[in-house]
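The block underneath contains the structure these notes are about, expressed in C-alpha cells.
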Amino acid sequence: MEIVYLSDNLFNGTFKLNKIRSLTILSELSLSNNNLSVDTTNMSSSSHGYPNLDTLHLSSCNLYDFPDLRNASILLYLDLSNNHLRGDIPSWIWETGKHYLDFSFNLLTGLKKPPISQNFSNSVVLLTNNRLTGMIPSSICNASSLQALDLSFNNLSGSLPPCLLSNVSVSKVLNLRGNKIGGVIPDHFSSDCGLQTFDVSNNNLGGKVPKSLKNCNNLEVLNVGNNNLEGSFPCMLPLKLHILVLRSNKFHGDLRCRRSWPDLQILDISSNDFSGRLNLLNFSSLRGMMLQSPTHLRLNRSGSNFLGVGSYYRNEVNLTVKGLEVKLVKIWPDFTSIDLSSNHFEGEIPDAIGNLSSLYLLNLSHNSLTHAIPISLGALTELESLDLSSNKLTGRIPDELTKLDFLSFLNLSYNHLTGLIPTGTQFQTFSADSFEGNTGLSGFPLNGSFNHLPPGPSPLEDSEQKDEEIEWEYVLAAFGYVVGFGSIAWTLLCHRRLRERYFEKIEEVADKIFYEIGRRRRHERRVRRRREEKKRREERRRNGLRRHHHQ
C-alpha cells in the first residue's frame with residue numbers, strides 16, 4: 001500500500017498516527033476534513049521511521065501538537081491547516097527541503113528566528129490566519145528561493161525586510177496583508193523580479209508605490225489597499241496586471257497614463273483623492289473586460305480554473321459588491337470589476353465603458369460626475385451591479401438599462417435625474433432606495449404603482465374630489481408657465497442655460513400631468529369594476545332569495 005486517501009468523509013473517532021510506522025512503503029496519507037481526532041503522541045521513532053512518506057495531509061483533524069516527523073527524511077508536502085496548533089513552529093521543519101507547508105488557521109505565535117537554511121528552497125510556506133507577532137525575521141531570506149510566502153492576517157509589525165524583495169527570496173507570491181507592518185515599501189525589487197502576486201493590503205504602510213515594481217514583468221496581482229500610501233497613479237506598473245487594488249489610500253491626481261493594461265480584469269481605486277475626467281483612462285484598451293467570442297458564457301467555469309499560481313495558491317481580494325464589502329476567495333479568470341467610487345472625478349461618464357461587455361460590477365458612486373447616463377451602458381449584458389449614486393447626473397434614465405437581464409443591484413440615488421422611471425421586468429424589482437434623492441424622478445416605485453391605488457383608505461367621493469384637485473393643480477401650474485413665457489421670452493432667447501432649465505421644468509410638469517391623468521383613469525376603471533361586481537353580488541343574492549321563496 002503506497003497511498004491512503006481518506007479525506008472529505010465523515011469518519012470519526014481517534015486515529016493514532018504512530019501506527020503508520022509499520023507501513024514502510026506508505027508514500028501518501030490524507031485524512032483531512034473528517035470528524036477525526038488525530039493522536040500525535042509517541043511519534044518519536046528510529047532513524048528508519050517513515051522511510052517513504054513524502055505527503056501528509058492532516059487538515060481539520062483536531063491536532064493540538066505537531067507530529068514528530070523529523071525522521072521523515074523525504075517528506076515534501078505537509079498540510080496541518082485548520083487545527084489547534086499553538087506556540088512555536090518546530091525547528092526541524094526548516095532544516096530540510098519542503099515543497100509545501102501549510103500551517104494556516106492555527107494558533108501559532110512564534111516566528112522570531114526560524115533557522116531556515118539554503119537547503120530550504122523552491123518551497124510554498126502558508127502561515128495565514130495565525131497569531132504571529134513581532135517583526136518579519138530576516139532569516140527568511142536565507143532560503144534560496146521560496147515560490148510563495150503567505151503571512152497574511154497575523155499580528156506582525158515592524159517594517160518590510162528589503163531582502164525579501166532584493167534577493168529574489170520569494171519568486172512568485174508574497175502576501176503580507178492584514179498585519180500591522182509600517183514604514184515604506186522598499187524600492188528594492190530586483191531586475192530579475194519574478195513576482196506574480198504582491199499583496200501588502202490592510203497594513204500601516206506609507207510613502208509611494210516603488211518605481212522598481214516595473215521590474216516585475218510577470219506581476220498579475222498588486223494589492224496595496226487600505227494603507228497610507230500617497231502619490232499619483234502608478235503608471236509604470238507591468239503590462240500583465242490582472243488585478244490592481246489601490247483602494248483606501250491617499251493617491252491623488254488624474255488617471256493620465258501613456259500605457260494601458262490589456263489583461264486587467266479587476267480595477268479598484270476607490271476611496272482616494274483622484275480627480276479629473278474619466279476619459280483619461282483608456283477604457284477601450286481593457287480587452288480583459290470584453291467578451292472574446294459569442295460562445296463566452298458565465299457557466300463556462302471550471303471548479304479549478306481560478307486566478308492564482310499553479311495548483312497551490314489562489315488569490316483573493318476584497319471588493320464592494322452590491323453595496324457590501326465581501327471577500328472573493330476564488331477569482332474566476334472571467335470575473336471583471338471596476339470601482340472608482342469615493343474620489344473627485346468630474347465630467348461625463350465615457351461612452352467607451354459600454355465596450356466592456358464582460359463587466360460584472362461597475363461602481364462610480366460618490367464623485368462629481370455630470371451629464372446624462374450614457375446609453376452605451378445598456379450594452380453591458382453581463383452587468384450584475386451598477387452604482388452611480390451620489391453624483392450630479394442629469395436627464396432621463398435610459399430605457400436601454402431595462403435590457404440588462406442579469407442586473408440584480410442598481411443605485412441611482414442622489415443625482416439630478418428627471419422624468420419617468422423606465423418600466424421593465426428587471427427595473428420593477430428595484431426598491432425606492434435605488435432612485436431616492438432625485439427630485440425630478442417620478443413613477444414606480446417612488447410615488448405609486450401602475451397597478452394599484454396609493455395606500456390609505458378613503459371614501460369614493462373624497463377620492464374622486466382629491467384626484468380632480470391634484471389634476472387641476474398641475475393644469476393651472478402648466479397654464480401659469482405658458483402665460484409667463486410671453487413675458488420672459490426675450491430672456492430665454494438670450495440665455496441658453498436658462499432656456500435649457502426652463503424646458504426641463506416644462507417636461508417635468510407635463511410628465512406629472514400625464515401621470516396623474518393616467519392614474520385617475522385607472523382609478524375610475526377600478527371603481528366601475530367594483531360597482532359592477534357589487535351589482536352582480538346583489539343580483540345573485542336576490543336570485544337566491546327568489547329560489548328560496550319558491551321552494
Side-chain angles (χ1 to χ4, degrees), residues 159-160 176-177 180-189 198-216 219 221-239 241-261 264-286 289 317-320 325 337-350 352-353 356 361-371 387-393 414-415:
S159 58
L160 273 173
L176 305 175
R177 71 183 305 197
K180 300 175 182 177
I181 300 171
V184 300
I185 303 174
D187 197 3
H188 286 83
F189 290 91
F198 182 63
D199 190 339
V200 290
S201 59
N202 297 83
N203 279 286
N204 299 317
L205 292 166
K208 298 182 178 181
V209 176
K211 293 182 178 180
S212 58
L213 255 178
K214 66 182 181 182
N215 297 328
C216 304
L219 191 66
V221 178
L222 175 63
N223 189 348
V224 296
N226 296 91
N227 279 286
N228 298 306
L229 297 172
E230 56 187 12
S232 57
F233 190 86
C235 293
M236 75 296 182
L237 294 175
L239 300 179
L241 272 181
H242 286 256
I243 297 177
L244 175 59
V245 179
L246 306 178
R247 67 183 298 173
S248 299
N249 278 284
K250 299 176 181 178
F251 292 105
H252 57 82
D254 58 35
L255 302 182
R256 192 188 310 271
C257 285
R258 293 183 178 179
R259 63 168 57 192
S260 59
W261 298 270
L264 197 64
Q265 62 184 83
I266 294 178
L267 173 63
D268 186 350
I269 60 173
S270 60
S271 301
N272 279 284
D273 293 318
F274 287 116
S275 58
R277 294 180 174 270
L278 292 183
N279 57 13
L280 293 177
L281 182 63
N282 188 4
F283 290 100
S284 298
S285 67
L286 303 179
M289 299 187 184
V317 65
N318 282 32
L319 296 176
T320 301
E325 184 172 324
S337 170
I338 292 179
D339 191 344
L340 312 181
S341 63
S342 300
N343 282 286
H344 307 291
F345 292 117
E346 56 188 13
E348 57 189 326
I349 299 173
I353 293 181
L356 308 180
L361 308 176
L362 178 60
N363 189 348
L364 305 178
S365 65
H366 295 87
N367 282 287
S368 298
L369 300 174
T370 56
H371 295 76
D387 193 344
L388 305 178
S389 62
S390 300
N391 279 287
K392 300 176 181 179
L393 300 173
Y414 298 101
N415 280 284

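What you see is a predicted model, and the numbers here were worked out from it, not measured in a lab. The first residue in the sequence is number 1, and the count goes up from there.
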Distance in Å, Phe198 CZ paired with Leu213 CG, rounded so as to fall on 0.5 Å steps: 6.5 Å
Applying side-chain hydrogen bond (donor to acceptor under 3.5 Å, both in side chains), run through Asp187 and Ser212 and close with a yes or a no. CA-CA 6 Å; Asp187 197 3; Ser212 58; 2.5 Å; yes
Side chain to side chain donor-acceptor pair (under 3.5 Å) against Ser368, all qualifying residues, sequence neighbours excluded: none
Atom pairs and distances, donor-acceptor, side-chain atoms in residues 228-239, under 3.5 Å, two or more places apart:
none

When you look at Asn415 and Leu369, which way does the side chain to side chain contact (heavy atoms under 4.5 Å, CB included) test go after all the steps? CA-CA 9 Å; Asn415 280 284; Leu369 300 174; over 6 Å; no
Can you measure from CD1 (Ile181) to CG (Asn204) and round to the nearest 0.5 angstrom? 9.0 Å
Looking at Asn272 and Asn249, would you say the former's side chain and the latter's main chain have a donor-acceptor pair under 3.5 Å? yes
How long is the span from the CG atom in Leu356 to the CG atom in Leu362, to the nearest 0.5 Å? 8.5 Å
Qualifying residue for side-chain contact (heavy atoms from CB on, under 4.5 Å) with Val245, from Val224, Asn318, Val317, Asp339: Val317
Look up atom CG in Asn367 and atom CG in Leu278, then write down how far apart they are to the nearest 0.5 Å. 7.0 Å
Ignoring hydrogens and angles, tell me if any N or O in the side chain of Asn215 forms a donor-acceptor pair with the backbone of Phe189 under 3.5 Å. yes
Heavy-atom side-chain contact between Trp261 and Leu267 under 4.5 Å: no
Under 3.5 Å, is there a donor-acceptor pair linking the side chains of Asn282 and Ser260? no
Quick check: does any side chain N or O of Asn203 sit under 3.5 Å from a backbone N or O of Gly182, one acting as donor and the other as acceptor? no
Hits for side chain to side chain contact (heavy atoms under 4.5 Å, CB included) against Leu280, two or more places apart or cross-chain, chain-then-number order -> Asp254, Arg256
For Leu244 and Leu264: C-alpha separation, side-chain torsions, deciding distance, then whether side chain to side chain contact (heavy atoms under 4.5 Å, CB included) applies. CA-CA 8 Å; Leu244 175 59; Leu264 197 64; 4.1 Å; yes
Value rounded to 0.5 Å, distance of CZ in Arg177 from CG in Asn227: 11.0 Å
Measure the spacing between CG of Leu281 and CG of Leu255 and express it to the nearest 0.5 Å. 5.5 Å
Show the numbers, then the answer: is there a side chain to side chain contact (heavy atoms under 4.5 Å, CB included) between Ser389 and His366? CA-CA 6 Å; Ser389 62; His366 295 87; 4.3 Å; yes
Are any non-hydrogen side-chain atoms of Leu176 and Leu160 less than 4.5 angstrom apart? yes
Can a donor-acceptor pair be found, under 3.5 Å and without considering hydrogens, that links the side chain of Asn391 to the backbone of Leu364? yes
Main chain of Ser275, side chain of Asn343: is a donor-acceptor contact present, judged purely on distance under 3.5 Å? no
In terms of side-chain geometry, is the basic nitrogen of Glu325 or Arg247 positioned less than 4.0 Å from the acidic oxygen of its partner? yes
Do the ring planes of Phe274 and Phe345 sit parallel (below 30°), tilted (30 to 60°) or perpendicular (above 60°)? parallel
Stepwise side chain to side chain contact (heavy atoms under 4.5 Å, CB included) check, Met289 with Ile338: CA-CA 10 Å; Met289 299 187 184; Ile338 292 179; 3.6 Å; yes
